[in-house]
Amino acid sequence: MTELTYAKTGGPPHDWQGLKVFDLDTGQEVLKVVEVNTAEGWLISYRLNDKGMVYSDPENPEYAATQRIEGRYEIRRPS
Amino acid sequence: MNSTATIFARLTGDATLVAMLATHNAAPAIFSDRAPDDYIVGPKPCLVIAAPSDDRPVETFTETSRLITQDVRGYDTDTGSSLELDAAMRRVRTLFHNDPGSLTVTGGTVKISTVTGPVQSPTTDPALIGRRVTLRLEIEEA
């Protein structure tokens with residue numbers, strides 16, 4: 001199976017549920033990811049408040065606050 | 001996932017809170033959405049679990065959760081003192097704030113539960129006083 005370089009909640013790919021994203025520099029799984037592009041080196045994840053909760057974006061209250069983080073990532077399918 | 005049922009179960013399952021509240025038809029005066037037409041507030045407080053004011057999905061690759069905001073309001077007769085009502089509402093806060101493990105929800109797990117309040121809640125009847133707490137629940141779907 002070809003390596004995934006892009007994924008987003010809701011697809012693509014069609015089997016997006018259960019995908020995991022790892023930070024290649026730390027080896028750790030990155031949580032709360034909603035979109036990732038390993039070829040371009042970025043991901044988007046939900047921001048968490050000091051209670052560890054997802055919260056509304058103050059500028060767009062209809063949506064949860066997100067952050068874009070650049071780095072080296074790998075997408076893995078569940079084993 | 002029925003957050004109202006989760007809240008109701010937590011409230012009715014606490015003997016300390018139940019002792020602070022009035023009764024209606026031999027049950028604690030805890031209602032959802034609004035009190036029944038035949039219910040008269042007093043001599044002890046009653047509670048109303050409001051419909052969620054916000055319920056949105058929080059979906060990642062590995063989690064499907066819902067972020068729910070829901071009020072619990074309390075009412076009592078205006079006797080010049082809000083001691084009983086305030087005590088009941090503080091008990092409600094204690095039952096939910098930072099205690100997700102005590103909450104059960106069919107089809108999911110409460111991961112985070114926080115509370116703000118109690119604060120004043122307006123009433124249409126000048127003979128009543130009102131308070132409310134706002135619950136924020138993050139519930140991960142099973």
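Quick note on labels: first sequence line is chain A, next is B, and so on, each numbered from 1. Everything numeric here is computed off the predicted structure, so don't read it as measured data.
Each of A/L31 and A/I75 belongs to its own hydrophobic cluster when Ile, Leu, Val, Met, Phe, Trp and Tyr are linked at side-chain heavy-atom distances under 4.5 angstrom. The cluster map of Ile, Leu, Val, Met, Phe, Trp and Tyr, joined by side-chain heavy atoms under 4.5 Å apart, puts A/V54 and A/I69 in different clusters. B/F8 and B/V115 end up in the same hydrophobic cluster when Ile, Leu, Val, Met, Phe, Trp and Tyr side chains are linked at under 4.5 Å. In the hydrophobic clustering of ILVMFWY residues, with side-chain heavy atoms under 4.5 Å counting as a link, B/L85 and B/V41 come out apart. Both B/L95 and B/I49 are part of a single hydrophobic cluster, where members link through side-chain heavy atoms under 4.5 Å apart.
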**Q.** CA sep, side-chain torsions, deciding dist, call: B/F61, A/V36, side-chain contact (heavy atoms from CB on, under 4.5 Å)
**A.** CA-CA 10 Å; B/F61 293 135; A/V36 58; 3.9 Å; yes
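For residues 32-49 of chain B, the pairs satisfying salt bridge (charged side-chain N to carboxylate O under 4.0 Å, His left out) are B/R34-B/D37, with sequence neighbours left out.
Residues passing the ring-ring contact (aromatic ring centres under 6.0 Å, His included) test with B/H24 are B/F31, B/Y39, sequence neighbours excluded. By the side chain to side chain donor-acceptor pair (under 3.5 Å) test, A/N37 is found to be paired with no residue, residues two or more places apart in sequence or in another chain being considered.
Of all non-hydrogen atoms in B/V58 and A/Y46, the two that sit nearest each other are CG1-CE1, 3.5 Å.
Under a 4.0 Å N-O distance rule, the pair B/E138/A/K32 qualifies as a salt bridge.
To the nearest 0.5 angstrom, B/T60 atom OG1 is 13.5 Å from A/I44 atom CD1.
Within residues 62-81 of chain B, the residues that have a heavy atom under 4.5 Å from a heavy atom of chain A are B/T62, B/E63, B/T64, B/L67, listed by number.
Only the backbone of A/E35 comes within less than 4.5 Å of a heavy atom of chain B; no side-chain atom from C-beta onward does.
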